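One structure is given below, encoded as structure tokens.
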Amino acid sequence: MPNSLTKFGEYGGQFAPEILMCALEELEEAFNEVLSDEKFWDELNYYLREFAGRPTPLYRAENLSKELNTNIYLKREDLVHGGAHKLNNTLGQALLAKKMGKNRIIAETGAGQHGVATAIAGAMLGLRIEVYMGTEDIERQRLNVFRMKLLGAKLNPVSSGSKTLKDAVNESMRDWVARVVDTYYLIGSIVGPHPYPTMVREFQRVIGKETKEQIMKKEGKLPTAIVACVGGGSNAIGTFYEFLDDDDVELYCVEAGGKGVDTKEHGASLYAGSDGVLHGMYSKLLQDKYGQIQTSYSLAPGLDYPGVGPELTHLYESGRVKVDVITDDEALYAFQRFSELEGIIPALESAHALAYVMKSSDKFDKDDVIVVNLSGRGDKDVDLVAKLMGTRL
Ligand SMILES: *Cc1c(COP(=O)(O)O)cnc(C)c1O
């Protein structure tokens, strides 16, 4: 039975079929056990350090700071092995799966980033990985499909529904129901039924823990504001969590405005969505008046999801985090401008957070300290951006 611990305010919960409840209970129990197991965290921290490259730097963006006449710091999750924050979570969960004696891991993926991050963790820990991916996405993301193959993962194409991420999630849940005994379902963001939102947050919290220590060392004070892009919300909550009780630190979520929030082509679930149930959770979603899930859209594949984690929804409703949107065009401009300014090509997702800071510079003055979580690097997006700029590679 869902209890208050499974929820964030009224959001979250376990809207899962009866047959999954045992699996969720088993998972919750195992997770609660490792939460206080020093050996588990020692081992995870070993891999985070030696394999993933943590801690990541908190880098002062000198040129952008000068241009905006304020102080901008970048939390360099783009330097994590694999090129994004995603490995923090997949390493944690893969290690948990191993502890639980599950030697087959399944994962869903949209653009393939979470599939690749799961395949990396699985290969390193010697676990079997199967990734569900919509056939539409397989067509669009050949590079990541091949990466997964190189890393030894098996691809399970999904041709139901819109043949994209939300259908891949549905298919993964179906698989899990059928093979609960030997299978672990590794979810890629702070979404899904309890305990996933809490668990993924705990594995991503390392971003904010490091950030707090680093900013105190460099500036001797807490930041004025922290900015992160939001797809499902894992890099945002991971960066914010350590600062939730520091009321003076403003927390900004930046969602995908796509072609405009007044069109149907965007991914702004907090900004423009409404309450409902998707993938086992009660949260804010993009849905029509009958509760049918709408397809989301963003140029940034990681922001292209029609829901958002229940904890962020709760923090938004309670006023602790603020939300704004950035369109494709604004993100594309920031992608280019930031690259030439700082010598770092950001992921298109992260470019949304950067675009927000560039656009809002009048909000910040010269003594303010702004931390932007640079969730990933942009190598994966270079092909698409070249095409949009009319350049043939
Ligand atoms: C997947 C991804 C995101 C979005 O996922 P969250 O769970 O919202 O963090 C953001 N940035 C990058 C680089 C990603 O790969």
Side-chain angles (χ1 to χ4, degrees), residues 56 74-90 92-93 107-118 120 137 141 143-144 147 165 168-169 186-192 196-197 199-201 203-208 226-241 251-256 267-270 279 281 283-284 296 298-313 315-316 321 323 326 331 334-335 338 344-356 372-382 384:
T56 59
L74 307 168
K75 183 56 175 162
R76 298 289 309 273
E77 294 301 292
D78 61 314
L79 295 178
V80 175
H81 176 44
H85 66 293
K86 286 194 163 68
L87 191 66
N88 303 329
N89 169 48
T90 57
Q93 286 196 63
E108 81 293 340
T109 198
Q113 296 298 110
H114 175 56
V116 170
T118 306
I120 290 174
D137 288 333
Q141 305 289 344
L143 195 60
N144 277 337
R147 276 194 184 110
L165 175 60
V169 176
L186 203 161
I187 291 185
S189 191
I190 52 162
V191 300
Y196 285 102
M199 190 162 68
V200 177
R201 178 199 73 209
F203 289 135
Q204 292 292 359
R205 259 177 83 175
V206 61
I207 306 173
I226 304 176
V227 183
C229 65
V230 171
S234 70
N235 87 87
I237 199 76
T239 316
F240 297 166
Y241 197 72
L251 306 172
Y252 292 99
C253 295
V254 184
E255 291 194 307
S269 309
L270 284 173
H279 299 147
M281 64 179 175
S283 194
K284 288 237 184 282
S296 53
S298 172
L299 189 60
L303 305 186
D304 189 353
Y305 178 66
V308 62
E311 187 166 21
L312 270 191
T313 297
L315 290 168
Y316 171 59
V321 306
V323 176
I326 285 293
F335 180 93
F338 181 79
I344 300 168
I345 300 174
L348 275 172
E349 293 84 2
S350 320
H352 282 70
L354 293 166
Y356 174 77
V372 182
N373 190 39
L374 201 69
S375 55
R377 65 171 187 235
D379 305 49
K380 67 184 180 61
D381 301 311
V382 165
L384 176 63

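All of these numbers come straight from a predicted model, not from anything done at the bench. Atoms within a ligand are numbered from 1 in the order they appear, just like the ligands themselves.
Between E349 and ligand 1, no N or O atom pair is found at a separation short of 3.5 Å. Between A347 and ligand 1, no N or O atom pair is found at a separation short of 3.5 Å. Looking at G232 next to ligand 1, an N or O pair under 3.5 Å apart turns up. Considering backbone and side-chain N/O atoms, N235 comes within less than 3.5 Å of an N/O atom of ligand 1. Residue A84 places no N or O, backbone or side chain, under 3.5 Å from any N or O of ligand 1. In terms of N/O distances under 3.5 Å, ligand 1 is approached by S234.
The G233 neighbourhood of ligand 1 comprises atoms 6 (P), 7 (O), 8 (O), with distances under 4.0 Å to a heavy atom of that residue. Residue G231 has at least one heavy-atom neighbour below 4.0 Å for each of these atoms of ligand 1: 8 (O). Heavy-atom contacts of G376 reach the following atoms of ligand 1: 13 (C) (cutoff under 4.0 Å).
Looking only at protein heavy atoms, the nearest one to atom 12 (C) of ligand 1 is S375 OG, 3.5 Å. When hydrogens are left out, the protein atom nearest atom 5 (O) of ligand 1 is G302 O, 4.0 Å; that is the closest non-hydrogen contact. Looking only at protein heavy atoms, the nearest one to atom 14 (C) of ligand 1 is K86 NZ, 2.8 Å.
Counting only heavy atoms from C-beta outward, the side chains of N144 and T109 never approach each other to under 4.5 Å. By the 4.5 Å heavy-atom criterion applied to side chains, P197 and E311 are not counted as neighbours.
T239 pairs in a side chain to side chain contact (heavy atoms under 4.5 Å, CB included) with only one of the listed residues (V372, L251, N373), which is N373.
The proximity of H114 to ligand 1, defined as any non-hydrogen pair under 4.0 Å, does not occur for either the backbone or the side chain.
Looking at S189, its side chain never comes within 3.5 Å of a backbone N or O of V191 through a donor-acceptor pair.
More than 12 heavy-atom neighbours from other residues, nucleotides or ligands sit within 6.0 angstrom of CD1 on I344.
For Q204, the closest heavy-atom approach to ligand 1 does not fall below 4.0 Å.
Using cut-offs of 30° and 60° on the angle between ring planes, the pair Y252 and Y356 is tilted.
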message = Using side chain to side chain contact (heavy atoms under 4.5 Å, CB included), reason through C253 and F240 one step at a time and then give a plain yes or no.
response = CA-CA 10 Å; C253 295; F240 297 166; 3.7 Å; yes
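A salt bridge is defined here as a Lys NZ or Arg NE, NH1 or NH2 lying under 4.0 Å from an Asp or Glu carboxylate O, and R377 with E349 fails to meet this definition.
Using modelled atom types, one finds no donor on one side chain facing an acceptor on the other under 3.5 Å when comparing T90 with T118.
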